[in-house]
Amino acid sequence: MAMKFNKILSPIIAALCGLAAASCYNLDLNPLSEGSSETWFTTEDEFEASLKNMYQSGMWTPDNESWTDDFVQRQILSSFANATVTGQTQDVVDYWENKYKGIGRANVVLDNLQRGLDSGIPQRNIDKFAAEAHFLRAAFYSMLIEKFGDVVYVDHNVSIEEAQTMERTPKSQLIPLVYEDYDKAAAGLPESTDYYASRATKGAALAMKARFALRMGDWTTAAEAAKACMDLNVYQLESSYEKLFLQTTKVSKEYILAFPRSVELGYYYPAWEILSRLGSGNAWWCPSWDLLASYTCTDGKPIDESPLYDKNDPFKNRDPRCSLTIVPFGSMHCGYEYNPHPQVLEVKDKNGKKVSNKDSRGVFQYASFNGLLWKKGVDESWTDNGRKAEPTQIVIRYADVLLMYAEAKIELNEIDDSVLKAINQVRSRAYSTTYDKNTAYPAVTSTNRLELRKILRNERRVEFANEGLRYSDIIRWKIASKVMSKKNYGMLYPASAIIEKLIDQGLPWFWPMTPEIDEEGIPDFSAMEKKGYIQALSTKKWDDRQYLWPIPSKEILINNKLTQNTRY
């Protein structure tokens with residue numbers, strides 16, 4: 001009978017009842033080969049195993065770049081970029097299910113602390129297990145609340161009958177409960193562990209609390225939590241922005257919470273989706289033109305204002321993160337010169353030998369449609385292991401804490417030197433210098449709140465490109481309705497007569513005109529489109545209902561006490 005229930009119950013009910021809480025609670029497992037619920041949680045190893053189980057990659061999947069204006073996938077739009085999200089959208093269903101799995105497992109640990117004490121586990125170790133479980137539960141609820149608003153809240157295992165009648169708790173009541181869990185975690189967790197950044201620490205609890213508070217618009221709590229994390233003096237920025245993301249970098253003082261990937265263990269990044277065609281990739285998950293245009297020039301000015309911008313080389317004189325995030329034209333990338341120019345039919349490999357330029361649409365029609373490729377973290381080693389890469393999955397890093405602190409203080413209009421220092425620490429690292437050497441990079445000096453808000457938002461965009469943070473940013477800033485209602489642009493087809501005309505007139509083949517950047521840092525390519533210099537690949541759509549996600553349809557069907565979010 002139990003096996004039947006396990007198959008027909010919704011994921012949330014199974015999780016809240018403890019039916020999927022840990023390997024030892026899976027009713028389909030052979031009790032002779034797995035820990036029994038009657039005897040589990042009697043040793044420290046069993047608590048450790050249950051806690052480690054909550055760091056599975058599926059529970060911490062970052063937001064997808066395809067949901068944002070930083071991403072282009074040829075002419076394809078995700079359901080988020082096409083305003084077609086429903087309660088049956090797989091991303092929505094998986095997100096809900098995996099977070100509740102984590103919550104259920106955290107509750108199981110907390111419900112069994114006394115059993116551990118009774119079995120002779122020292123109180124100090126029980127307290128550490130409790131703190132970590134509180135952190136994990138807070139993290140999973142944070143992510144649920146951000147996406148869905150009001151959600152079902154349970155802090156212990158409940159019966160199947162009770163779970164089937166539970167209602168959503170208002171977000172206003174949930175936020176203090178999540179803060180309480182983070183505070184318990186911060187009070188009981190160590191500042192460092194033998195697991196480096198792959199397990200919860202005091203700093204991780206403070207950083208994740210700051211992130212949640214920021215996304216909830218609670219600037220005071222966000223600033224306080226971020227400052228407390230900074231004051232630990234445990235973390236520091238990696239000296240090299242480029243090194244931070246390479247798959248050879250397994251440990252960094254900048255990582256606050258980060259999970260190692262392993263090709264050998266089957267947890268890897270599908271490198272072929274972003275590798276160049278010459279690098280044996282598909283080149284179809286690409287950075288957008290909007291992202292490329294957002295990088296300022298080395299004088300700190302946007303490209304439509306700076307005299308340093310060179311239309312013939314859009315990567316020249318730009319913030320160094322531009323060329324470290326997007327592959328510059330003419331540079332060596334994964335063993336080959338990268339040049340998407342439609343008339344460059346041959347390029348050199350790393351040995352100087354000329355090869356057919358499959359990264360040009362003049363040679364291969366499925367080369368990058370907009371001429372751009374992701375560079376961040378990608379090197380020639382990504383072509384090994386069957387194009388499977390194992391860069392560290394970064395959940396949160398110290399640069400985020402610094403910029404969260406700055407953003408919260410800006411929104412509170414409490415602008416002082418600490419705000420400028422936080423922003424400049426991040427920016428100066430990109431220029432391979434330190435914030436106090438303010439002539440070696442375009443240091444931020446303004447204390448005007450509106451100007452700083454614009455600078456901060458763009459700083460986040462270029463610092464965290466392709467790290468899964470842009471979606472939450474555009475939702476929090478309520479600019480999704482603007483940036484997700486624009487066109488994705490790409491180059492004209494190589495056979496187009498316009499290209500020949502541009503080249504004959506000596507105009508740049510890539511962007512014949514400089515896009516205008518508006519007051520929010522958003523580029524406008526419409527003038528180029530009107531002249532026929534570029535083509536629209538797709539048009540993003542937005543519906544304001546998507547500021548919150550729909551509750552998965554099957555949850556509503558199983559529990560008639562659950563209400564749906566507006567207009568789904």
So, [X] versus [Y]: side-chain donor-acceptor pair below 3.5 Å or not?
X: Glu273; Y: Trp374; answer: no
X: Tyr196; Y: Thr392; answer: no
X: Tyr179; Y: Asp218; answer: yes
X: Tyr241; Y: Lys376; answer: yes
X: Ser446; Y: Asn448; answer: no
X: Tyr295; Y: Ser323; answer: no
X: Asp45; Y: Thr43; answer: no
X: Asn64; Y: Ser66; answer: yes

**Message:** With side chain to side chain donor-acceptor pair (under 3.5 Å) as the criterion, how do Thr89 and Asp91 come out once you've worked through the C-alpha distance, each side chain's angles and the decisive distance to 0.1 Å?
**Reply:** CA-CA 6 Å; Thr89 299; Asp91 284 325; over 6 Å; no
**Item:** Glu459: which of Val444, Leu452, Val426 passes side chain to side chain contact (heavy atoms under 4.5 Å, CB included)
**Value:**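 Answer to the side chain to side chain contact (heavy atoms under 4.5 Å, CB included) test with Glu459 among Val444, Leu452, Val426: Val426.
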For the residue pair [X] and [Y], what are the closest heavy atoms and their distance?
X: Glu254; Y: Glu238; value: OE1-N, 2.8 Å
X: Leu456; Y: Ala406; value: CD2-CB, 4.2 Å
X: Leu206; Y: Ala186; value: CD2-CB, 4.1 Å
X: Phe245; Y: Pro391; value: O-CB, 4.0 Å

**Asked** Taking the inter-plane angle between the rings of Phe148 and Trp96 on a 0 to 90° scale, is it parallel (under 30°), tilted (30 to 60°) or perpendicular (over 60°)?
**Response**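 Perpendicular: the ring planes of Phe148 and Trp96 meet at over 60°.
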**Prompt:** So, do Trp549 and Phe80 have ring centers that fall under 6.0 Å from each other?
**Reply:**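 Yes, the ring of Trp549 comes within the 6.0 Å limit of the ring of Phe80, centre to centre.
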**Asked** What about the rings of Phe47 and Trp40, do their centers lie closer together than 6.0 Å?
**Response**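 Ring centroids of Phe47 and Trp40 are no less than 6.0 Å from each other.
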**Prompt:** Where do Phe464 and Ile394 land on the side chain to side chain contact (heavy atoms under 4.5 Å, CB included) test, with the steps shown first?
**Reply:** CA-CA 11 Å; Phe464 302 118; Ile394 303 171; over 6 Å; no
**Asked** Is the cationic atom of Lys478 (NZ for Lys, CZ for Arg) positioned less than 6.0 Å from the six-membered ring centroid of Tyr547 and within 45 degrees of its normal?
**Response**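 Yes, cation above the ring, under 6.0 Å and within 45°.
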**Asked** Are the side chain of Thr249 and the backbone N or O of Lys243 linked by a donor-acceptor pair below 3.5 Å?
**Response**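 Indeed, once roles are kept as given, a pair shorter than 3.5 Å links the two residues.
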**Asked** Would you find more than 12 non-hydrogen atoms of other residues, nucleotides or ligands less than 6.0 Å from Lys253 atom NZ?
**Response**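 Open.
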If I take atom [atom1] from residue [X] and atom [atom2] from residue [Y], how far apart are they, to the nearest 0.5 angstrom?
X: Leu113; Y: Ile121; atom1: CG; atom2: CD1; answer: 9.0 Å
X: Ile410; Y: Thr447; atom1: CD1; atom2: OG1; answer: 10.5 Å
X: Thr445; Y: Asn438; atom1: OG1; atom2: CG; answer: 9.0 Å

**Prompt:** Name the one of Arg461, Arg460, Arg457 that satisfies salt bridge (charged side-chain N to carboxylate O under 4.0 Å, His left out) with Asp473?
**Reply:**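 Filter result, single survivor: Arg460.
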**Asked** So among Phe140, Tyr141, Tyr100, which one has a ring pair (Phe, Tyr, Trp, His ring centres under 6.0 Å) with Tyr153?
**Response**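 Of all the options given, the one that passes is Tyr141.
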